[in-house]
Engineer: 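Take this structure, written in C-alpha cells, and hold onto it; I'll ask about it next.
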There are 2 protein chains.
Amino acid sequence: MGISERKEREKTEMKQLIMSAALKMFLEDGYAKTSIRNIADAIEYSPGTIYLYYKDKDELLYEVQGLAYGELLTAFKKNATSTNPVEKLVQIGKTYVNFGLDNPELYDLMFIIRAPMNVDETIHKDNGDQTFDFLTDCLKECISQNLLRLKDVNMGALQVWSMSHGMVSLNLRCRLKIMEMTEDQVRETLAASIENYIASITL
Amino acid sequence: MGISERKEREKTEMKQLIMSAALKMFLEDGYAKTSIRNIADAIEYSPGTIYLYYKDKDELLYEVQGLAYGELLTAFKKNATSTNPVEKLVQIGKTYVNFGLDNPELYDLMFIIRAPMNVDETIHKDNGDQTFDFLTDCLKECISQNLLRLKDVNMGALQVWSMSHGMVSLNLRCRLKIMEMTEDQVRETLAASIENYIASITL
DNA sequence: CAAATATACTGAACACTGTTCAGTATATTT
DNA sequence: AAATATACTGAACAGTGTTCAGTATATTTG
C-alpha cells in the first residue's frame with residue numbers, strides 16, 4: 001500500500017519545512033535568539049509539533065551543523081583547486097576565513113556556540129570528517145613532497161585550523177577591535193596573514 | 001561626616017560580595033548556567049538587590065572579564081620572563097594556551113561567549129590593552145632585533161593570538177576530538193605546536 | 001526627641017525561554 | 001459504521017533576565 005510511503009514522504013517534507021525555517025532564522029538572528037516558538041510561528045504550527053520531528057533544539061543545531069560542514073567542504077572544493085599543494089593550502093586557509101567572515105551566524109553555530117557535542121547524527125560526523133580530511137589530505141601531499149618545515153600532518157592541521165579559526169572567531173567576537181581596522185582592512189590583513197604564515201612554514 | 005564614607009564603603013563591600021559570589025559560580029558552572037537568582041540565593045539577598053549594584057548580567061561579565069584579563073597579564077609576567085624575545089614569545093604562547101586549558105570557564109567568558117562588547121568599563125579596556133601590549137611589546141623587540149621572518153607587529157600579534165586562541169577554543173568546544181588524543185596529549189601537542197610555529201617564523 | 005525624608009531591600013510580576021503531555025481532531029483500518 | 005491509529009494542539013511547568021511598587025530601616029531635619 002502507498003499510504004505508508006506517502007506518510008514517510010510527508011514526514012520528511014515536514015522535517016524539511018521545519019529545517020528550512022529554522023536555518024533561515026538561525027542565519028538571520030542567530031541560534032540563541034531563535035526560539036522554538038518563533039520557528040513554530042513561521043511555519044504556522046504549534047511549538048509542540050516541532051518536538052514530534054526533532055528531539056530538542058540541539059538536534060536542530062546538529063543537523064544545521066552537518067549541512068554547514070558540507071557547505072564549507074563545497075567551498076573548499078570550489079576554491080582550493082591548485083595542483084601545487086602549498087598553494088592549495090593557502091587557498092584552503094583563505095576560503096575558510098572568508099567563509100567565516102561571509103557567514104558569521106553560520107560560523108558561530110558551527111564552531112563557537114556551546115552545545116553538547118553529539119556523537120551519533122551521521123550527517124554531522126560524516127560531513128565534519130570529510131571537511132577535515134580535505135585539509136589533512138592537502139597537508140599529507142605537502143609533507144610527502146617535502147614542501148613544508150612541518151613533518152607531522154596532525155600538527156600541521158592543528159596549526160592551520162587553529163590559526164584560521166582563531167582569526168575568524170576573534171573577529172566575530174570583536175576582539176580584533178583592539179587593532180583598529182575597518183572591515184575591509186580586517187579581510188585583507190587576515191588573508192595576508194594566512195599567506196604569510198604558510199609562506200613561513202614553507203621550505 | 002563619616003556616614004557617607006561608611007555608606008560608600010558598604011556599597012563597595014556589597015559589590016564585592018556580589019562579584020565574588022558571581023565569579024565563583026561563573027567558574028564552577030559557567031556564565032550562562034549561572035542565574036541572577038542563583039547569585040542572589042548564594043549571598044542571601046533578593047534578585048532585585050543585584051540590580052542596585054550592577055545594571056544587568058552583562059555588567060557582571062564585563063567586570064569579570066576585566067579581572068580575568070588582569071590575571072592573564074599576571075600569568076604572562078610570571079611565566080614569560082626570558083630575555084631572549086623569541087623565547088619570550090614562545091613562553092607567552094604556552095602561558096596563554098595553558099591559561100585557557102586550566103581555566104576553561106574563565107577563558108570561555110573572556111573570549112568566546114557572545115555579549116555586546118562594552119566600550120566604557122575602564123578596568124576592562126585597561127587590562128585588556130595591557131595584556132595585549134605585553135604581546136606586542138615582545139613582538140616589537142623580536143622585530144627590531146630582526147629575529148623573525150615577520151616585519152609587521154600587527155600581523156605577528158594577529159598570528160600568535162589567533163593560533164593560541166584557535167587552539168584553546170577549538171579544544172574547549174571539543175573540536176579537536178577529531179584528532180583522537182587524550183587530555184595530556186592535547187596539552188603536549190598544543191605546546192609543541194606553539195613551539196614549532198614560532199620556530200617556523202624565526203629567522 | 002518626634003516627624004519627615006532618604007536609603008536599601010524585597011518579592012511579586014512581566015515577558016520571555018525550552019520542553020512535556022493530556023486532549024482533540026483527523027485519517028486509516030477493521 | 002465503529003474502532004483504532006496518527007498528527008497536532010496549546011496549556012502548563014520550571015526556568016530565565018529584568019522592573020518596580022511597596023516596605024522597613026537609617027538618617028536628617030525642625
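Just so we're on the same page: letters track the sequence lines, and every chain starts at 1. What you are looking at is a predicted structure, and each value in this text was computed from that prediction instead of being measured.
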Engineer: Between P on D/dT18 and CG on B/L61, what's the gap in Å once rounded to a whole number?
Structural biologist: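 Rounding to the nearest Å, CG of B/L61 and P of D/dT18 are 12 Å apart.
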
Engineer: Can you tell me if A/N38 touches the phosphate of C/dT17, counting only side-chain N or O atoms and a distance under 4.0 Å to OP1 or OP2?
Structural biologist: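 So the side-chain polar atoms of A/N38 do come within 4.0 Å of the phosphate oxygens OP1 or OP2 of C/dT17, strictly under.
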
Engineer: ring-ring contact (aromatic ring centres under 6.0 Å, His included) with A/Y69: which of A/F111, A/F132, A/Y62?
Structural biologist: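 The residue from A/F111, A/F132, A/Y62 that satisfies ring-ring contact (aromatic ring centres under 6.0 Å, His included) with A/Y69 turns out to be A/F111.
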
Engineer: Write down the distance between CD1 (A/I36) and P (D/dT9), rounded to a whole number of angstrom.
Structural biologist: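 Rounded to the whole Å, the gap is 14 Å.
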
Engineer: So what's the dot-bracket for DNA chain C: Watson-Crick or G-U pairs under 3.5 Å, [ ] if a pair crosses, | if it pairs off-strand?
Structural biologist: ||||||||||||||||||||||||||||||

Engineer: Using a heavy-atom cut-off of 4.0 Å across all strands, would you classify B/T49 as base, sugar-phosphate, or nothing?
Structural biologist: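 Answer is base: heavy atoms of B/T49 come under 4.0 Å of a base.
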
Engineer: Please evaluate residues B/L27 and B/L23 with respect to the criterion side chain to side chain contact (heavy atoms under 4.5 Å, CB included), reporting the C-alpha separation (whole Å), side-chain torsions for both, the decisive distance (0.1 Å), and the verdict.
Structural biologist: CA-CA 6 Å; B/L27 294 184; B/L23 179 58; 4.2 Å; yes

Engineer: With a 4.0 Å cut-off on heavy atoms, is B/Y53 in touch with a base, just the backbone sugar-phosphate, or nothing at all?
Structural biologist: sugar-phosphate

Engineer: Quick one about A/N196 and B/Q159 (side-chain donor to acceptor, distance below 3.5 Å, no hydrogens or angles considered), yes or no?
Structural biologist: yes

Engineer: I need the minimum non-hydrogen distance between A/A157 and A/L139, along with the two atoms involved.
Structural biologist: N-CD1, 3.1 Å

Engineer: Nearest to the side chain of A/K57, which nucleotide is it out of D/dT16, D/dT9, C/dT19?
Structural biologist: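 Nearest to the side chain of A/K57 among the choices is C/dT19.
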
Engineer: Within this structure, what is the CD1-to-P distance between B/I50 and D/dG17, rounded to whole angstrom?
Structural biologist: 9 Å

Engineer: C/dT17 phosphate, OP1 or OP2: any side-chain N/O from A/S35 under 4.0 angstrom?
Structural biologist: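 Yes.
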
Engineer: Could you check whether the side chain of B/R37 and the base of D/dG15 have a donor-acceptor pair of N or O atoms closer than 3.5 Å, going by distance alone?
Structural biologist: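 Flag unset: no donor-acceptor pair detected.
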
Engineer: Could you state the atom-to-atom distance from NZ of A/K33 to P of D/dG17 in whole Å?
Structural biologist: 16 Å

Engineer: Can you measure A/E59 atom CD to C/dT20 atom P for me and round it to whole angstrom units?
Structural biologist: 12 Å

Engineer: Take the protein atom CE of B/M14 and the nucleotide atom P of D/dT25, then report the distance between them rounded to whole Å.
Structural biologist: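 From B/M14 CE to D/dT25 P: 16 Å.
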
Engineer: Please report the distance, rounded to the nearest Å, between CG in A/D56 and P in C/dG18.
Structural biologist: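 Result: 11 Å.
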
Engineer: Any salt bridge between A/K15 and A/E59, counting N to O under 4.0 Å?
Structural biologist: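 No, no charged N to carboxylate O under 4.0 Å.
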
Engineer: Over all strands shown, is A/D58 touching base, sugar-phosphate only, or nothing at heavy-atom distances under 4.0 angstrom?
Structural biologist: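 No contact.
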
Engineer: Does the pair B/D108/B/R173 count as a salt bridge with the N-to-O cut at 4.0 Å?
Structural biologist: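 Between B/R173 and B/D108 there is a salt bridge, with a charged N closer than 4.0 Å to a carboxylate O.
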
Engineer: For the pair A/F76 and A/Y96, name the ring-plane relationship: parallel under 30°, tilted 30 to 60°, perpendicular over 60°.
Structural biologist: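 Parallel: the ring planes of A/F76 and A/Y96 meet at under 30°.
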
Engineer: To the nearest Å, give me how far apart CD1 (B/I18) and P (C/dT10) are.
Structural biologist: 10 Å

Engineer: Considering only C/dG11, C/dC9, D/dG17, which nucleotide approaches the side chain of B/P47 most closely?
Structural biologist: C/dG11

Engineer: Of the nucleotides D/dT18, D/dC8, C/dT19, which one has an atom closest to the side chain of B/Y51?
Structural biologist: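 Among D/dT18, D/dC8, C/dT19, the one nearest the side chain of B/Y51 is D/dT18.
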
